[in-house]
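Here is the structure we will look at.
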Amino acid sequence: MTASPSTSTAPVSPAQLGLWLIDQLRPGSSVYTVFCTVRLSGPLDPARLRAALAAVVDRHEALRTTFPAYDGVPVQRVADRLEVPLPVVDLTDLAGPAGASGPAGSDREAEAERLARHWCELPFDLAAGPLLRAGLVRLADREHLLAVAVHHIVCDGASLQVLFADLGRAYAGAELPPPVARFRDYVAGRDQDPAELGWWRDRLAGAPDLLQLPGDRPRPAVRGTAGGTRTAALPEELLTEVAALAARRRMSPFMVLLAGWGALLGRLADVPELLVGIPVTDRPEPAYEELVGLFVDTLPVRLDLSGRPTFGTVLDRVRRSVLDVLSHRSVTFDRLVEELRPDRSPGHTPLVQVAFSADLAPLAEPALPGVRAEVRVPRPDTAKFDLDLSVPRDADGTATLVLTYSAELFDPDRVDRLLTQLLRLLAAGVRAPDTPVALLPLLDAAERDTVLGGWAHTAPAAPPDLLAHELVSARAATTPDAPAVRSGGVDIGYAELDARAEEVAGRLRAAGVGPDDLVAVLRHRGPELVVAVLGVLRAGAAFLPLSPTAPAGYLAGVLAAAGARVALADPQLAGRLAGSPVRVVPDDGPWRAGTGRAHPDDLAYVLFTSGSTGEPKGVAVTHRSLANVVTTMRDMYELTPADRVLQFASIGFDIAVEEMFPTWAAGGCVVLSPDPPPGPDRMTELITRERVSFTILTSGYWRQWTTWADARGVHPAPTLRLVSVGAEPVDPDALRTWQRIARVPVLNGYGLTETTVNAAVTLLPDPFVGDLVPIGPPLRGARAYVLDADLQPVPVGVPGELHIGGDCLARGYLGRPDLTADRFVPDPYGPVPGGRLHRTGDRARWRSDGQLEILGRLDGQLKVRGHRIEPAHVEAALHSHPDVAAAVVAVRPDRRGHDRLVGYVVPRTGTAVPAGLREHLAGRLPPYLVPAALVGVPAIPRNANGKADPRALPDPADAVPVGIPARTALERSLAAVWREALDVPEPGVHDNFFELGGSSLTLATVHSRLGEALGVTVGLVALYEHPTIASLARHLAGGEQEPAPPADDRADRLRAGRARIAGRRRERKDS
Amino acid sequence: MYTDDDRRYVVVRNEEEQFSLWPADREPPAGWAVAGPTGTRPECLAHIRTVWTDLRPKSLRDLRGA
């Protein structure tokens, strides 16, 4: 390569290389265009302005620089002369269109703005240049608009000041002196000090490289640059207080604002520390001060919010961190990324996703003699980061919060809320720095009223005039012959049901059973089970259902924990209770009449569920909350005597309660499922045969049933008028399928045994749009709050723990006062003093329409390399593949000891991972959620309580073999390119490019080489997305013919190319 | 959300003599009063295990005359 006589070349700076790489990823994007307009009022001579611009370009070699690349490596090429045109567009003839209401002048203004925007958004060609663009719009004789756009690779904010200062001087007729320094000298002087890199390595060790802020949409697999900007005035009074506090604590206002910003981000993301990028200008010599060029870089500030600090403590930490960063500013961002090897997913910017800058000095206007100039910096509509907050100060001294956001992640109203939250938190923190950051307010009074008032509580509970079983007796009196229960084709009328229940109640009374006593019920599905449940309630006692299939040891444990003394059992099951102190009441024993009515605060039932530790706990539910939910669900489901409702759930599951009592309260018929209940492939038959009109199913069963019906092209349930699904998250794809094939309305219910069946139920819109199916507002009688760890309400759209209170709460856990006290906490917001809230353990958030969304379990979250992962999210994506029958994810270390996400799948046939599953996931999940390894297993191992047992899953190292050499011609070609670029002898096909030491520059080299070696053009983004040889080969094979193996002399040419690059790198170091 | 919970709590009780915990550095909400020691979450829960022997609300216990 030889430079033409009029040009010279020089190496690029690391920051320039970073911007060049970004341009390779998104050629011509205007994200990194530095742009402003200058309104010029007064007599202006365009020819003189053009000459002045030429003089400025002559003076600053950065403005004459372009970036051609050789073998994937860019250089700076500086032209001795470069002509930058200054087109003039005259709008003075532009008239307002006929009928337009505004004056012609406003059309001109709009057109001028449009032109300026257009000039700004035109792509820059880094290889060809020029990288400065200017245009002048003539609005009137003495009114002009000058637009100036420069690619960031040759300019920064301070450079714009230099540019304008020189433009003014040249326009005034002054001769611009030649610069005392050149940008290339600056580049040559910036050698990376290994000691500095070491400092950064220590400083950022273990730092989280992805900040997951609550957003409106999931992160895309490949991030784009669509963005927007929202602003809020920083009140003068607050700015004064910030400055005063900064002065008192010997820090800059910048640091105070950064502390507020970091504290807000930490609160919203619920993380103890985070990285924020700040612009750091490094003009190490005074000579560089008057130079145009890229002297600014972004460096990460590590903000430590751990240990419940006060705002003042955070201020001190921020001050220390910023000073540290400034004293180690010679290291560039891209070098840091190469060194630290953070997650390189193309779905987010590496290392930092949020930036902060505060330029409290206003941008200086160019001084043109006789002309008044007013600079305007437009608000960006492209996003460099997820969130980029800057605090510019206008000429009049007012400061503004300018927040540029990724439109892929955030909606404008959320961004507006962020700005008001920042102002609120900042004001409180600045006024009371001793307040813990966790307690600084984020919500204003109106928001608090909304989330703690109207949204939290929709309607009071129904008074418990009649208890659940009394509603059945009431029906027996009014419609004695109407069918109450149907089983095996036989109907049982209300009067008969009531009479049989009273028989059981009498025998229990004779056995000494009374209010608040517990009666174990061990019966198979069938009328006798239903009668037993009603009989226990009529006796004033509470029923404790036992599963006929549970091991005898488990039953004994439950009976002991519950302290039950009396049981009702099928004769063939009674033997399973032998050895426990419980007495089985015989069907033909003594009978005693009685009227002992239960109190609403007496227990109605106790259900044992397995806790997260696997230890069973008995949830004790009262008549008050049962009565409330029974009438509430009757009304919500609009049940009538005509309804036939399937009793499908096991009696040990409180859905069974919801199936029976609301139906009886409405006078409808409960259709008992056969024993055993049908699988999803037999459900349609059962429902059709029994003319079932309403059913309640778990989301998982319903999804399988929907899939089954869809695959066969049949209507799943022609007789159904309504279906309610819940107990697990509802799969939105299954919902859409159901809505397409069934058109039967679907309700989504949310509740825990502790909140008595349901706390929220909502009718889902048809067609359903979205990724997350909401659970609705709380039911009447229930109160729902989304709270942080301090039991403070979190803002709308921000995750917190769902807390449920009101008249739906269980009494507690039987015999477990400690567990009860732990999970039922004081309600600071209820209308009645002394109320309690159940901590559900579910992560939830409010939608802006007052509906709740469940995001997953708090205790189920996995962490992989600092990324918070909700297993249910990944498992749902695995389930959505048609060949996956079951799936579970776990975190396992890879062979280097790094944690990684492993997906275990049970295929519908065989045990091999279904073909195309990885691609299926990649299309639905951001890369950090796609399991690093997929393992086919014959079944998901489960523990005694039926929960997936990750410890029993096989080691994924067996499944993803290490160091597999290239197997196909294509893989061998790719491996050859890797070997050269990475200097590793034998890269395995599953080895990650970046983990083998690859950097963005080596990736650019690979990019260029692949073109040579394979004769195919591979997008740089594709290389980020497919960081292993195997996945890249699959990707290439999918779209392209598999290329012929490279000719024999290719390897030699590759080696030669490698040597060329190595040589050039040395040159750079030497120069 | 009680992740990373190394804070200090205090045992509190309401008029129904139901027990729970509350962050020690803040006033208990209306209707709740301090009714036991301050300590870690497990320490407070251990205390509650010994003093809260009947989970029924006080009004119901009074009604039943127990």
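Proteins come first, then strands; the chains are lettered A, B, ... in the order of their sequence lines, and each starts at number 1.
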(request) Mind ranking Glu15(B), Glu16(B), Gln18(B) by heavy-atom pairs under 4.5 Å with chain A and telling me who comes out on top? (result) Gln18(B)
(request) Please round to the nearest 0.5 Å and tell me the distance separating atom SG of Cys44(B) and atom CG of Asp822(A). (result) 10.5 Å
(message) Please evaluate residues His599(A) and Arg64(B) with respect to the criterion side-chain contact (heavy atoms from CB on, under 4.5 Å), reporting the C-alpha separation (whole Å), side-chain torsions for both, the decisive distance (0.1 Å), and the verdict.
(response) CA-CA 10 Å; His599(A) 185 273; Arg64(B) 299 269 180 243; 3.6 Å; yes
(request) Enter the distance from Arg26(B):CZ to Leu791(A):CG here, rounded to the nearest 0.5 Å. (result) 6.5 Å
(message) Tell me whether Asp790(A) is salt-bridged to Arg7(B), with the criterion being a basic N under 4.0 Å from an acidic carboxylate O.
(response) yes
(message) Does any backbone or side-chain atom of Tyr813(A) lie under 4.5 Å from a heavy atom of chain B? Answer side chain, backbone, both or neither.
(response) backbone
(message) Around atom CZ of Arg448(A), are there more than 12 heavy atoms from other residues, nucleotides or ligands closer than 6.0 Å?
(response) no
(message) Looking at every non-hydrogen atom in both residues, tell me the closest pair between Leu55(B) and Thr820(A) and how far apart they are.
(response) CD1-OG1, 3.8 Å
(request) Check whether any side-chain heavy atom of Thr53(B) lies under 4.5 Å from a side-chain heavy atom of Pro817(A), and answer yes or no. (result) no
(message) Would you say that Leu60(B) contacts Asp602(A) through its side chain, given a criterion of any heavy-atom pair below 4.5 Å between the two side chains?
(response) yes
(request) Report the C-alpha distance between Arg56(B) and Asp601(A) in whole Å, list the side-chain angles of each, state the deciding distance to 0.1 Å, and finish with yes or no for side-chain contact (heavy atoms from CB on, under 4.5 Å). (result) CA-CA 8 Å; Arg56(B) 291 180 300 169; Asp601(A) 289 328; over 6 Å; no
(request) Can you see which heavy atom on Ala821(A) is nearest to which on Ile48(B), and at what distance? (result) CB-CD1, 3.5 Å
(message) So for Arg13(B), is it side chain, backbone, both, or neither that comes closer than 4.5 Å to the heavy atoms of chain A?
(response) neither
(request) Report the option among Trp22(B), Trp52(B), Trp32(B) that has the most heavy-atom pairs separated by less than 4.5 Å from atoms of chain A. (result) Trp32(B)
(message) Please determine whether a side-chain nitrogen of the Lys or Arg among Asp25(B) and Arg308(A) lies less than 4.0 Å from a carboxylate oxygen of the Asp or Glu.
(response) yes
(message) To check you understand the geometry: which heavy-atom pair defines the closest contact between Pro828(A) and Pro29(B), and what is its length?
(response) CA-CB, 3.6 Å
